[in-house]
Enquirer: 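Okay, here's the structure, questions in a sec.
Throughout, protein chains are lettered first and strands after them, A, B, ... in sequence-line order, and every chain is numbered starting at 1.
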Amino acid sequence: MNDSLNFIEQIIEEDIANGKHEGRVLTRFPPEPNGYLHIGHAKAICVSFGLAEKYNGATNLRFDDTNPTTEDTEYVESIKKDISWLGFTWKEELYASDYFEKLYQFAVTLIKKGLAYVDDSTPEEIAAQKGTPTEPGKDSPYKSRPIDENLDLFERMRNGEFPDGSRVLRANVDMSSPNMLMRDPIIYRIKHEHHHRTGDQWCIYPMYDFAHGQSDSIEEITHSLCSLEFIHHRPLYDWFIEKLEIFPSKQTEFARMNVEYMITSKRKLLKLVQDGIVTGWDDPRMPTISGMRRRGYPPMAIRIFCDKAGVAKRENTIEINLLEACVRDELNKTAERTMVVLDPVPLTITNFLDGFEKLSMELNPEDPASGHREILFSNEIFIEREDFMKDAPSNYFRMKPGGLVRLKHAFIVECTGFDEDENGVVTRIYATYFPDSRSGSDTSGLKAKGTIHWVNAADAKEAEVRIYDRLFTHPSPGEGVEDFMEHVNRDSLTEIKGAKIDSGMEATTSVGKQYQFLRHGYFAVDQDSKPGLVVFNKTVGLKDSWAKEKGKQ
RNA sequence: UGACCUAUGGUGUAAUGGUAACACUCCGGUUUUUGGUACCGUCAUUCUAGGUUCGAGUCCUAGUGGGUCAACCA
């Protein structure tokens, strides 16, 4: 594989070489249970779980549930499902809320050391004290409150004696620091709110900065990997660990992955759902893990994609075609082949008389072990409307009057004519077949430049096929416009009702099963399928060099 | 009038002071009973200017561009 190391791997290998933490590697994935996981989370998961896996370590799944206002158990299950689906296993399932008592004691320790104080200032006053990035802050009038008073007040905060917002606990750091986060950050706030796990046990809750690093430390996380925007938090992360004299977890930041035509903002994703642009969080067009799963992206393709995108510290936007290339690559190896006609036009084989012929179709030419399936051929079949042209250019290798074409897995046929309606729309095509040109035992000596797929009319079933285009018309949705909704592609879904599949194939379908529709692309069976009507989602198309050729004219 | 992060083909990632490499895209070609797959080929004066060095993408200095930081969110 690739023997060069990314910068985090270099750090880890150096730590191992130095015998740090006895060479142990323990990472964590810390989602907040307030939404669904998306492609950006997939990247974070692949980095934290992947690195631990690589260095014989482990990863804890820790829900960062310190804000009861927005969080809910409902999300816990979907997050666990998504991580498992990606193929990762966590060592322990943990919750920051498990540490509320410990965290409270940490805060008491800080107060006793004169490193935290209760502040009675209003939110507006605190904001004013903070200053701006270019101007230093000013000390709060409560900064020098005596330790005993702080201890008493903090305990009374816990006991519920004060209303929401009336007081906070602040770390006593440095209001003149150039790093805004070091300007006496709030570490506890009062919220008389029901928590999804601790119920009404608490009415004060720790802030991110006073929960995350300490949770890492409690679990003895060796490498706490997060995205670049947390880099300013690191001095504070280290400050708490130093002052509390607890296990020295280390935070390392890497750039989050952006993908063309995708958004990962929770607020924007929610807007798409609420406005009915998509049918839900798991709509196959959504960049959520559940959406990609429904669309038919194999988990391994997503993992390989994240891996190929790499790990570094600069802003990046990965091309969507890398993701699609990974999906095709995976599906090419695993998807069962089948012939499906999306836009059917009947073809009559005029010299094939009554009855039918049994033919054998390989399930996957990339995997000889996959075997074969029997299909029927008769004098009445459907072919793809776009596989026939009345007046075709010489570089068109498909069916055209007087031309030869191979019917995949069957025979070479010669087009002898066609019917059309008053609008010039072709309603039926006629051809003769060459009995000695049967696939696998062709002795005809004929050469057909093109091969097209077909479905036998007598046993054809109708299916619904949903074709997806990008959800946005711009690779960076929202860029250069006031509202990202201006870049929504209002035509991202095409529903095809009368596609033709053969009954033998229909019998093999089950929700989630992936197929390659020959010459079209990869499709997955959708959960909306009903008895008698299979619904497919188009996962991704095959590369189409004919479309490219046509586009040149 | 600040601090921090960052700068290598179209995109992303390597090269750890010694011939700028790999993947995807693009373009061209070979093979092909999927216009798929597979395979081959083309595509870069490493942001700028100085400096250190026999030698700099890499180290130093200054500039420039991009990003982040002023939630009782995470």
Side-chain angles (χ1 to χ4, degrees), chain A residues 2-6 10 30-32 34 64-67 69-71 96 119 122-123 126-128 130-137 164-170 177-183 185-191 204-205 207-209 211-212 226 228-235 253 255 257 260 266 305 308-326 328-329 332-333 337 339 365-366 395-398 406-410 412 437 439-440 442 447-453 475 516-521 541-550:
Chain A
N2 189 358
D3 53 356
S4 66
L5 303 175
N6 67 49
Q10 288 175 28
E32 187 187 10
N34 72 346
D64 237 329
D65 55 350
T66 57
N67 184 4
T69 326
T70 59
E71 297 153 4
D119 196 328
T122 63
I126 289 177
K130 286 253 179 180
T132 70
T134 54
E135 293 167 70
D164 287 7
S166 59
R167 287 185 166 83
V168 292
L169 184 70
R170 287 229 255 172
S177 170
N179 181 343
M180 299 288 294
L181 287 156
M182 297 298 270
R183 320 239 263 227
I186 293 168
I187 57 179
Y188 263 95
R189 76 284 215 188
I190 302 172
K191 267 179 189 276
I204 56 171
Y205 292 93
M207 298 285 290
Y208 167 84
D209 284 302
H212 197 96
C226 62
L228 235 37
E229 60 261 38
F230 290 97
I231 199 161
H232 303 289
H233 294 251
R234 178 151 39 104
E253 314 83 12
M257 176 181 72
E260 282 181 346
K266 230 169 255 178
F305 168 67
K308 286 187 171 179
V311 176
K313 294 181 81 165
R314 65 169 148 164
E315 297 297 317
N316 61 82
T317 302
I318 313 297
E319 288 177 335
I320 191 78
N321 59 44
L322 178 62
L323 209 207
E324 294 183 343
C326 292
R328 282 193 197 101
D329 194 48
N332 179 48
K333 291 183 283 193
R337 267 58 169 177
M339 296 197 290
E366 306 294 318
N395 64 347
Y396 184 83
F397 306 148
R398 307 174 187 181
R406 158 78 61 184
L407 294 174
K408 181 71 178 176
H409 298 125
I412 291 177
S437 67
S439 275
D442 185 350
K447 284 267 184 285
K449 273 208 123 177
T451 301
I452 63 174
H453 60 274
Q516 183 197 102
F517 291 2
L518 244 45
R519 305 203 306 128
H520 279 302
L542 253 22
K543 278 201 192 163
D544 189 350
S545 53
W546 166 242
K548 216 177 274 177
E549 183 77 20
K550 264 195 314 189

Enquirer: Can the ring centres of A:His233 and A:Tyr208 be said to be less than 6.0 Å apart?
Expert: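 That pair passes the under 6.0 Å test.
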Enquirer: Over all strands shown, is A:Phe517 touching base, sugar-phosphate only, or nothing at heavy-atom distances under 4.0 angstrom?
Expert: nothing
Enquirer: Would you kindly give the CD-to-C1' distance between A:Glu549 and B:rC26, to the nearest whole Å?
Expert: 15 Å
Enquirer: May I ask you to check whether A:His520 and A:His453 place their ring centers less than 6.0 Å from one another?
Expert: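 Yes, ring centres under 6.0 Å apart.
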Enquirer: Side-chain contact test, heavy atoms from C-beta onward, threshold under 4.5 Å: evaluate it for A:Arg519 versus A:Lys408 and give yes or no.
Expert: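 Heavy-atom side-chain distance check fails, nothing below 4.5 Å.
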Enquirer: For A:Trp546 and A:Tyr396, what are the C-alpha separation, side-chain angles and deciding distance, and is it a ring-ring contact (aromatic ring centres under 6.0 Å, His included)?
Expert: CA-CA 9 Å; A:Trp546 166 242; A:Tyr396 184 83; 5.6 Å; yes
Enquirer: Checking all strands, does A:Gln10 fall into the base, sugar-phosphate, or nothing category for heavy-atom contacts under 4.0 angstrom?
Expert: base
Enquirer: Expressed as a whole number of Å, how far does the P atom of B:rC5 sit from that of B:rC59?
Expert: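 Per the computed distance, 14 Å lies between those P atoms.
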Enquirer: For B:rU37, does either OP1 or OP2 sit under 4.0 Å from a side-chain N or O belonging to A:Arg328?
Expert: no
Enquirer: Counting only side-chain nitrogens and oxygens, does A:Ser177 get under 4.0 Å of the OP1 or OP2 atom of B:rA3?
Expert: no
Enquirer: Taking any heavy-atom pair under 4.0 Å as a contact, classify A:Arg183: base, sugar-phosphate, or nothing.
Expert: nothing
Enquirer: When the nearest nucleotide of RNA chain B is assigned to A:Lys408 and to A:Arg234 on a heavy-atom basis, which residue is associated with the more 5' position?
Expert: A:Arg234
Enquirer: Working to the nearest 0.5 angstrom, can you tell me the gap between A:Leu181 CG and A:Lys130 NZ?
Expert: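 The CG atom of A:Leu181 sits 6.5 Å away from the NZ atom of A:Lys130.
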Enquirer: Going 5' to 3' along nucleotides 65-74 of chain B, which nucleotides have protein heavy atoms under 4.0 Å from the base (write B), which only from the sugar-phosphate (write S), and which from neither (write -)?
Expert: --SBBB-BSB
Enquirer: Regarding A:Glu260, tell me which of base, sugar-phosphate or nothing describes its non-hydrogen contacts under 4.0 Å with the strands shown.
Expert: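 Touches nothing.
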Enquirer: Classify A:Pro365 by what it touches in the nucleic acid, base, sugar-phosphate, or nothing, heavy-atom distance under 4.0 Å.
Expert: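 A:Pro365: base contact, heavy atoms under 4.0 Å.
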Enquirer: Which part of the nucleic acid, if any, lies within contact of A:Gly450, taking any heavy atom under 4.0 Å across all strands shown: a base, the sugar-phosphate backbone alone, or nothing?
Expert: nothing
Enquirer: Between B:rU25, B:rG35, B:rG36, which nucleotide has the shortest distance from any of its atoms to the side chain of A:Thr451?
Expert: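 Of B:rU25, B:rG35, B:rG36, B:rG35 is nearest to the side chain of A:Thr451.
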Enquirer: Checking contacts here: which listed nucleotide (B:rG36, B:rG2, B:rU13) is nearest the side-chain heavy atoms of A:Asn316?
Expert: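 For the A:Asn316 side chain, the nearest candidate turns out to be B:rU13.
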Enquirer: How many Å lie between CD on A:Glu324 and C1' on B:rG36, as a whole number?
Expert: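 These atoms are roughly 15 Å apart.
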Enquirer: If you measure from the Lys or Arg side-chain nitrogens to the Asp or Glu carboxylate oxygens, is any gap between A:Asp164 and A:Lys191 under 4.0 Å?
Expert: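 A salt bridge is absent here (no side-chain N lies under 4.0 Å from a carboxylate O).
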